[in-house]
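Structure first, commentary second.
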Number of protein chains: 2
Amino acid sequence: MKSKIKPIIIDGIDKKILRALTSDARTPILEIARNVGISGAAIHQRLRKLEKSKLISGSQFIINPKVLGYSTMAFVGIYLEKAVNNEDVIRALKKVPEVLECHYTTGNWNIFIKILAYNNNHLMQLLNNKIQSIVGVLRTESIISLDQQIDRQIRI
Amino acid sequence: MKSKIKPIIIDGIDKKILRALTSDARTPILEIARNVGISGAAIHQRLRKLEKSKLISGSQFIINPKVLGYSTMAFVGIYLEKAVNNEDVIRALKKVPEVLECHYTTGNWNIFIKILAYNNNHLMQLLNNKIQSIVGVLRTESIISLDQQIDRQIRI
DNA sequence: AGTGAAACAGTGTTTGG
DNA sequence: CCAAACACTGTTTCACT
């Protein structure tokens, strides 16, 4: 069962708070307060509202995988056998840490993933030993990202 | 010219720091210090090292687009005319806030994007009015994400 | 080089209005 | 939403290993 999504109304002040915190999660609340022109307690109050509405689903430091040597990003379309239990495949994919995203999709592929590897050879190993070896996976089609030009969240 | 990537050696303490801050960017440094068993000053020092190495490229609050009414995510493969200036196309795509990712890719498509829309109708409008109208775009192929099962960073 | 204790300014959060 | 209040945090300094 899906959890219900409550709509939320956010005003200009909420947007300013969100813009500050989506560009730097550690922006001091009091600094935001000064820029917006209201008290820190008010910002704090609004943040609680935004978190309660689930519009904010957490915060994180961003890791640059290139510094760790990951230089190959790829998208992989996966064909599944008709009889297979999809959830088992998802469970297996979750165990592969290099798989960063996983979607059920329309079109020819049943599942579509984003995967990160050290290099093309490592990608091939992952596909052979970790992806295509999953029970129910028929075959895969890979699209390698030569260069990522945009990576962002939705604009507030 | 690409900026040089300096390799970095991180030990178990660095990993613990990164794990804490990638799961919650606002984790107090002193709390990490207590869990790891070293002083706050030491954590602070290591954080500076990690930022200097660019392994940490910032921090952000995570927005849940569903709460804002975005319910359709799609991947779109884009065919370009041979004569077109790719950078102009990227520049145009950057101006479309619903485009969250953009990659140059191998394979049939020249460019591959991830895009977010309120619904299928909105997606169609975006494709017709904002993407296919870009000079140099020949045609597009869309893959709609029915459900996203995995969304994470590389494991530390 | 890396560590930890101490110190201060500044922050996060609560309370009462 | 504000102002005040308190405990705690972030950050620097410095002596030590």
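In this structure, A/Arg26 places its CZ atom where more than 12 heavy-atom neighbours from other residues, nucleotides or ligands lie under 6.0 Å away.
Along DNA chain C, the nucleotide closest to A/Ala41 and the one closest to B/Ala41 are compared, and the more 5′ of them pairs with B/Ala41.
Of the residues in residues 25-35 of chain A, A/Pro28, A/Ile29, A/Leu30, A/Arg34 come within less than 4.0 Å of DNA chain C through at least one heavy atom, sorted by number.
In this structure, CZ of B/Arg48 is placed 13 Å from P of C/dG2, rounded to the nearest angstrom. Note: CG (B/Leu47) to P (D/dG10) measures 10 Å, nearest angstrom. Residue A/Ile43 contributes atom CD1, which lies 15 Å from atom P of C/dT14 at whole-angstrom precision. With rounding to whole Å, B/Lys49 atom NZ is found 9 Å from C/dT3 atom P. Atom CG in B/Leu50 sits about 12 Å away from atom P in C/dG2, given to the nearest Å.
Considering CD1 of A/Ile111 and CD of B/Gln149, their distance stands at 8.0 Å, rounded to 0.5 Å. Atom CG of B/Leu50 is separated from atom CZ of B/Arg48 by 12.0 Å, given to the nearest 0.5 angstrom.
Side-chain contact of A/Thr140 with A/Gln132: a donor-acceptor pair under 3.5 Å is present, judged by distance alone. A side-chain donor-acceptor contact under 3.5 Å links A/Glu141 and A/Tyr79.
Contacts of A/Arg46 with the nucleic acid, taken as non-hydrogen atoms under 4.0 Å apart, involve only primed sugar atoms and P, OP1 or OP2.
Ring geometry for B/Phe112 against B/His103 counts as tilted: the plane angle lies between 30° and 60°, on a 0 to 90° scale.
A sub-4.0 Å separation between OP1 or OP2 of D/dT11 and a side-chain N or O of B/His44 is present.
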